[in-house]
Amino acid sequence: MHHTLRNVILAAVCTLALSQQASAQQAYTWTWVGPVSFETGSEIWASADMQVDYGYSVYYCMDARVFLYRDGAYLGDGYMSNYCVNNVTHVSGQVGVLNNIPDAEYTCSGDFTATTYTWGETADYYNYQAYLEPPLVYDYYHNTYFNFFGSGPPRPDIGPILLGIVYSFFQQGNPPGNCGDQRDDIRREYVTHRVNLRPACQDFTQTRHGTYFTFNELNTGDFNWALIRDPLIVNEVNNYGLNRWRLEYGGPRIVNSAYRNPARNARVGGVATSRHMHGDAADLRNVTQTVNEYNSMAQAAGRANADFIEPLNGPCMLCCVHADWRNHAGGYR
Amino acid sequence: MPIGAITLVAIGSSIKFYWEKGMTIFKRFQFALLIIVLSVAAAIVTTSYGKREDSSSDEITQIIWQFHDANPEQRSAAFYLLVKKGLGRELSGRADLIPHALSQIFKSQPDRLDELKVALMELLERENSFVQEHFFEFQRTGKALSHNYMNYYGDLILAVAALRDARALNGLLGAITTGNMATRGLAVLGADALDSILGKLEDQDVNVKASAARVLMHMLKMSSTGQVKLDSLAKEKLKLALVRSARDENPDTRINAVEGLAELAKQGDPEALSLIEQIARSDTYEASVNGEKSGSYPVREAATRVLQSLRRPYK
């Protein structure tokens, strides 16, 4: 009964929100309360599904960002992945993830609120429908997903959760983002080069660096900003990452390539799926270009728990060794 | 099926009703025609309904079929289509979500679970062969594999490693030098994989040999946390192999073996501890950086680090 009532209220709020015509920064809001608890490393998932019927062909991108607060205090935010399509008359599908929750224990209770913003790039809007599906929580600790509504596995430590989602659409002509600097250009590149990643302003850095590698070494892009994901620059004592790789190798290494903005990536022959644009990959130079040195560097990368090391006949060939930490958790801050 | 059943019940009820009322021959003929038309319609509706139910399964069949395509781009496209189907959206670079995507697919296709797993495992074996065959071409022409292919290969290894299926052994063994996803994926197979991994310690390729030693280290770590079950015979085999690898001519194999021996030492093996101490004192390998002697002794340093960590109180 309780759930039914809640769902009816939700449906009413959603219907009210969705019945309104799109206008600049039109907000769609709904709120619910559900039992849930977090563990360190949990991820919040907010799924949004959007249906657009244009009646004529458009190029369309949609994106969103989730901000999470507890008891009014900012906890973290994350980026909802995009959905970009060209030459379509109908668009659907959008899912996002909040993956930047800072390390902390979230088994306690508290009022959580989340805000989602989204934008689209399109020739026009009309006759659209939008839905936000129930966000999911991915619990790294227990390796399970559960529904934010509380319909997943029972949680031992429950606390009241208040999640409000504001779902905003920006009309035609609005650029994807308003960082007010070069970051806007980089973010546009992610759209124009069809990279399936939509970084937010605060994901970029001008300072992140490692024990052995400066920001300038890690930023091998065209701008003064870079995306550098945690696993790449985590301290070597964690037994993984680039610093560990350097330590395991036992000597200084030149970074051939680490972060690349999409345009740069395309110029050097990279593809839209390259890990370099996600900021969790590095190519270290094989100075002597010998197989022996290649093997030593590859083995050192293995001891640095690199998730994937490209074979010798990969794009680096004998010039460098590519390693990435694609399967390690971690955000951009 | 329910639509067909309802239609048949409706027809049956109608027949009973009208026959009881009494009908002329002409009306009976008309009625017989009506029944035939209704039956055909019911058959068509039932068939198309069944087809809709099967469409998802047909798509899976198509994907598995495409795994066999000679063109690696087609195989890659099929793999990502499968992932997208499970995830309900594009992967968006979140490689760590591949296991979740697959588990969703497996849940939605329980009757094809095994077929899908086998198809993925065979796909990895196919890609390993492709990479190996390409290596000869690479030596001849200097033409490398594409960035796209490399990303796909990595994601596929992740997918197969996540299956935790003993039948993935050959696929993961073929990718043993590609990093942590493959080595941990092998280690988690435990005793089922042990003999094959021990065989790789004799491989001519130093990368394969060193990576095999690393798998053994992971396996011991996993056994200490209960993730992998090893009986005493398996543990003994593993220990002998590590002791032998700690004396291997390849320094990377020795470093990986030292880390494996550290796990045995943690479990109270005095022989393992004594061997690590000996290596920390006397391993002669001096690393060369950029072709020149560096003054760094990586094997000795690795053994020293291990000894320091062994002396540190455990949390």
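The minimum heavy-atom distance linking B:His147 with A:Val268 is given by the pair CE1-O, 4.4 Å. Smallest separation of non-hydrogen atoms from B:Met150 and A:Phe308: O-CE2, 3.4 Å.
Of the listed residues (B:Asp205, B:Asn180, B:Thr253), the one with the most heavy-atom contacts under 4.5 Å to chain A is B:Asn180. Counting heavy-atom pairs under 4.5 Å between each of A:Asn286, A:Asp324, A:Leu312 and chain B puts A:Leu312 at the top. With respect to chain A, the highest number of heavy-atom pairs below 4.5 Å among B:Thr177, B:Ile157, B:Val206, B:Asp155 belongs to B:Asp155. Among the candidates B:Ala210, B:Gly179, B:Ser211, B:Gly154, the residue making the largest number of heavy-atom pairs closer than 4.5 Å to chain A is B:Gly154. For the set A:Pro315, A:Gly302, A:Gly251, the entry with the most heavy-atom pairs within less than 4.5 Å of chain B is A:Pro315. Contact count against chain A (heavy-atom pairs under 4.5 Å) is highest for B:Thr178 among B:Ile98, B:Val131, B:Asn250, B:Thr178.
Using a 4.5 Å cut-off between heavy atoms, B:Ser296 contacts chain A through its side chain alone, with no backbone atom that close. Neither the backbone nor the side chain of A:Arg285 comes within less than 4.5 Å of any heavy atom of chain B. Heavy-atom distances place the backbone of B:Ser146, and not its side chain, under 4.5 Å from chain A. Residue contact with chain B, scored on non-hydrogen atoms closer than 4.5 Å, involves the backbone of A:Ala306 exclusively. Of the atoms belonging to B:Glu259, it is side-chain heavy atoms, and not backbone ones, that fall under 4.5 Å from chain A. Heavy atoms of A:Thr290 lying under 4.5 Å from chain B are absent altogether.
With rounding to the nearest 0.5 Å, the separation of CE in A:Met317 from NZ in B:Lys143 is 11.5 Å. Going from atom CD of A:Gln299 over to atom CD1 of B:Ile255 covers 9.0 Å, rounded to the nearest 0.5 Å. A distance of 6.0 Å separates CG of B:Asp96 from CG of A:Asn327, quoted to the nearest 0.5 Å. Here the straight-line distance linking atom CG of B:Asp252 with atom CE of A:Met297 works out to 12.0 Å at 0.5 Å rounding.
Donor-acceptor pairing under 3.5 Å is recorded for the side chains of A:Asn295 and B:Asn207. Between the side chains of B:Asn148 and A:Thr273, at least one donor N or O sits under 3.5 Å from an acceptor N or O.
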Which is it for B:Asn151 and A:Arg326 under the side-chain contact (heavy atoms from CB on, under 4.5 Å) test, yes or no, and what are the steps along the way? CA-CA 10 Å; B:Asn151 273 315; A:Arg326 67 180 72 184; 3.6 Å; yes

Let me see the working for A:Asp307 and B:Leu158 under side-chain contact (heavy atoms from CB on, under 4.5 Å), right down to the final yes or no. CA-CA 8 Å; A:Asp307 289 318; B:Leu158 198 166; over 6 Å; no

Run the side-chain contact (heavy atoms from CB on, under 4.5 Å) check on B:His218 and A:Asn305 step by step: do they pass? CA-CA 11 Å; B:His218 283 312; A:Asn305 285 298; 3.9 Å; yes

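Counting non-hydrogen atoms of neighbouring residues, nucleotides and ligands closer than 6.0 angstrom, the CZ atom of A:Arg267 exceeds 12 such neighbours. Surrounding CD of B:Glu249 are at most 12 heavy atoms belonging to other residues, nucleotides or ligands under 6.0 Å away. Other residues, nucleotides and ligands contribute only 12 or fewer heavy atoms inside 6.0 Å of the CD atom of B:Glu73. In B:Gln132, the CD atom is not crowded: 12 or fewer heavy atoms of neighbouring residues, nucleotides or ligands sit closer than 6.0 Å.
For A:Arg303 (side chain) and B:Asn256 (main-chain N/O), no donor-acceptor pair under 3.5 Å exists by modelled atom type.
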